J.: 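This is the structure I have questions about; it appears just below.
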Amino acid sequence: MAEAAKLSVEGKDLEFPVLKGTIGPDVVDIGKLYSQSGLFTFDPSFTSTASCKSTITYIDGDAGILLYRGYPIEQLAMQGDFIETCYLLYYGELPTPTQRKKFQYDITHHTMIHEQMVLFFRGFRRDAHPMAIMVAMVGALSAFYHDSTDIADPRQREVASHRMIAKLPTIAAMTYKYHIGQPFVYPRNDLSYAANFLHMCFSVPCEEYKVNEVLARAMDRIFTLHADHEQNASTSTVRLAGSSGANPFACIAAGIACLWGPAHGGANEAALKMLEEIGTVDNIPAFIEKVKDKTSKIKLMGFGHRVYKNYDPRAKILQASAHEVFEALGVKDDPLLDVARELERVALSDPYFIERKLYPNVDFYSGIILRAMGFPTSMFTVLFALARTVGWISQWKEMIEDPGQKIGRPRQLYVGPTQRDYVKMESRA
Ligand code: CMC
């Protein structure tokens, strides 16, 4: 590709540098476009815009490839675990045995939340959506951990990051317990990250609860697969919030709010609701017809992706994981799994979906697994937020540590009224 891109505006020729990444498309650096031409670019949903340089995650949507710091997601999910994935995303390299031990110790010893925060839960209605509670609780961390909100101090940034990776499972589990009216269960330092989370969610004080290893492994894999995903809507939200100098707890709360939407993290909840609505395999053809009818506005939830125009690599891993979980739980037949499999088969052979390159995404199978584990659908996006926290925090750290970092400030194409004079009330018709 050329080293410079040329643009001709009203007879004036302008040249812009073309920047090369290590892999992936080159980008045209239009940072000086406005000062040289008086023009802005117009790309409302950022379909052609790179908002930053990053070394964290790479996606090739056409080939169905996802890399964290260069490592394929399949290898990390199947051979590694979530704790080392957190280390990798945050520090840039896989940990040595000593680094891993220390990191695991640090995360494990930050899992409790300030006891006064426990009182906050009482202020929420029991039927509040768990994501509403998450946004509030994570934002509230900034009211309790003042010693890690100075973003100019690298050690404070690190402590805040460790705190969030450690405390999100505790807050998520408490949110779940509050929702179902059971007592909170405190974290256990002798359990792995995923096993501790399952223990906090599903144990009760009146009896012993032994974490099923297969379920803990599946949970760990779900966390790993959701840990980061480049500059998606919630990550961009975290970066934009952080670009103003806001503290990291507030930035992650902003990310959680953005993730809530059904076109983003809320899709796993919506996908499972859709499978339940379809109910049985016989109802699939009629449902597919409704999806294809543009006037119905119905989408096949868990299908399609802004970046993947091929099979989402995360969906493949979860499809296999679903079988392991079902076997471990002794579930022989689950009508929803039958509906999911058949829906996938029909969609992948239908020209509507083939032409538009609509493949199952990560949310299509994660919901089925989480439901089998015993989570209600309203918790699905919470689990996504828990897993994505390390990605958000790594992206936030990368942005803060960039010496050229400035506040983000998109511009606009104004199409409203031009200047006009105020009209007194008595003169308005
Ligand atoms: N079902 C039916 N048709 C679809 C779907 C779908 N799930 N997704 C896209 N289309 C159609 C869309 O109507 C359009 O058709 P046409 O060209 O005839 O107008 C075409 O495919 C292109 O769609 P688009 O809206 O331009 O694609 P997008 O890149 O803007 O949207 C998406 C991506 C994820 C918002 C969308 O595919 C969608 O809403 N999917 C369902 C929700 C979902 O599963 N989201 C989870 C994404 S993965 C988790 C995450 O990263 O947050």
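Note that these values count all heavy atoms, side chains included, but never hydrogens, waters or copies made by symmetry. Source: prediction; values computed, not measured.
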J.: Taking atom NE2 of H110 and atom OG1 of T170, what is their separation to the nearest 0.5 Å?
T.: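 Taking NE2 in H110 and OG1 in T170, the distance rounds to 12.0 Å.
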J.: Between E289 and K292, does any NZ, NE, NH1 or NH2 come within less than 4.0 Å of an OD or OE carboxylate oxygen?
T.: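 Looking at E289 together with K292, the answer is yes, because their closest N to O distance falls below 4.0 Å.
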J.: Should E324 and R221 count as side-chain neighbours, where that means a heavy-atom distance under 4.5 Å?
T.: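 Yes - at least one pair of side-chain heavy atoms lies under 4.5 Å apart.
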J.: Looking at every non-hydrogen atom in both residues, tell me the closest pair between I256 and M131 and how far apart they are.
T.: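 Distance-wise, the nearest heavy atoms are O-CE, 3.4 Å.
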J.: When the aromatic ring centroids of Y308 and Y359 are compared, is their separation below 6.0 Å?
T.: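 Ring centres of Y359 and Y308 not closer than 6.0 Å.
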J.: Tell me whether R163 is salt-bridged to D147, with the criterion being a basic N under 4.0 Å from an acidic carboxylate O.
T.: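 Yes, this pair counts.
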J.: Regarding R345 and E342, does a basic nitrogen lie under 4.0 Å from an acidic carboxylate oxygen?
T.: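 Answer for the salt bridge query: yes.
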J.: Between Y414 and F40, is the ring centroid distance below 6.0 Å?
T.: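 Not close enough - the centres of the two rings lie 6.0 Å or further apart.
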J.: Cation-pi between R126 and F124: NZ/CZ under 6.0 Å from ring centre and within 45° of the ring axis?
T.: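 Ring-cation test returns no.
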J.: Do I107 and F103 make a side-chain contact, defined as non-hydrogen atoms from C-beta onward lying under 4.5 Å apart?
T.: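 Yes. Closest side-chain heavy atoms under 4.5 Å.
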J.: Is the H305 to H229 ring centre distance short of 6.0 Å?
T.: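 Distance test on ring centres: under 6.0 Å, yes.
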J.: If you count the non-hydrogen atoms of other residues, nucleotides and ligands that lie under 6.0 Å from CD in E401, is the total more than 12?
T.: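 Yes, enclosed.
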J.: Side chains of T55 and E398: closer than 4.5 Å at any heavy-atom pair?
T.: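 In contact.
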J.: Nearest 0.5 Å, please: how far is CD1 in I133 from CZ in F121?
T.: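 Here the interatomic distance stands at 6.5 Å.
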J.: Do R239 and Q231 meet the criterion of a side-chain donor-acceptor pair at a distance under 3.5 Å?
T.: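 Yes.
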J.: Check this for me, if you would: do D62 and K309 make a salt bridge, where the nitrogen-to-carboxylate-oxygen distance has to be below 4.0 angstrom?
T.: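 Salt bridge flag = no for K309 with D62.
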J.: Given the ring of Y311, does K316 sit roughly above its face, with NZ or CZ under 6.0 Å from the centre of the six-membered ring and within 45° of the axis?
T.: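 Because its charged atom sits under 6.0 Å from the ring centre and within 45° of the axis, K316 does stack over Y311.
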J.: Taking C-beta and beyond as the side chain, do R217 and D81 meet within less than 4.5 Å on heavy atoms?
T.: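 Sidechains of D81 and R217: in contact.
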J.: Would you check if the distance from the ring center of F144 to the ring center of F120 is below 6.0 Å?
T.: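 Yes, close enough.
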J.: So does D153 pair up with R157, basic N to acidic O under 4.0 Å?
T.: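 The answer is no: the pair does not qualify as a salt bridge.
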J.: Side-chain contact test, heavy atoms from C-beta onward, threshold under 4.5 Å: evaluate it for R341 versus V346 and give yes or no.
T.: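 Side chain of R341 against side chain of V346, heavy atoms only: no contact under 4.5 Å found.
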J.: Do D43 and T47 have side-chain N/O donor and acceptor atoms under 3.5 Å apart?
T.: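 Looking only at side-chain atoms, T47 and D43 do form a donor-acceptor pair, the distance falling under 3.5 Å.
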J.: Would you mind checking if R155 and D150 are paired as a salt bridge, meaning a charged N to carboxylate O distance below 4.0 Å?
T.: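 Between R155 and D150 there is no salt bridge, as every charged N stays at least 4.0 Å from the carboxylate O atoms.
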J.: Output yes when E269 and K273 qualify as a salt bridge under the 4.0 Å nitrogen-oxygen rule, no when they do not.
T.: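 Between K273 and E269 there is a salt bridge, with a charged N closer than 4.0 Å to a carboxylate O.
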J.: Using a strict 4.0 Å threshold on nitrogen-to-oxygen distance, state whether D293 and K290 make a salt bridge.
T.: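 Answer for the salt bridge query: no.
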J.: Quick one, I171 and V382 - any side-chain contact, counting heavy atoms below 4.5 Å?
T.: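 SC-SC contact between I171 and V382 ruled out.
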J.: Measuring only between side-chain heavy atoms, which start at C-beta, is I393 closer than 4.5 Å to I252?
T.: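 Answer yes - side chains close enough.
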J.: I'd like to know if E74 pairs up with R314 as an ion pair, taking the criterion as any Lys NZ or Arg NE/NH1/NH2 lying under 4.0 Å from an Asp or Glu carboxylate oxygen.
T.: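 Answer for the salt bridge query: no.
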J.: Would K397 and Y90 count as a cation-pi pair here, with the cationic atom under 6.0 angstrom from the ring centre and within 45° of the axis?
T.: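 K397 over Y90 ring: yes.
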J.: At what distance, to the nearest 0.5 angstrom, does OG1 of T175 lie from CG of L386?
T.: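 Reported value, rounded in 0.5 Å steps: 10.0 Å.
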J.: Does any part of the side chain of L300, heavy atoms only, come nearer than 4.5 Å to the side chain of L358, both counted from C-beta?
T.: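 Not in contact.
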J.: Rounded to the nearest 0.5 Å, what separates atom OH in Y178 from atom CZ in R122?
T.: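 Nearest 0.5 Å value for the OH-CZ distance: 8.5 Å.
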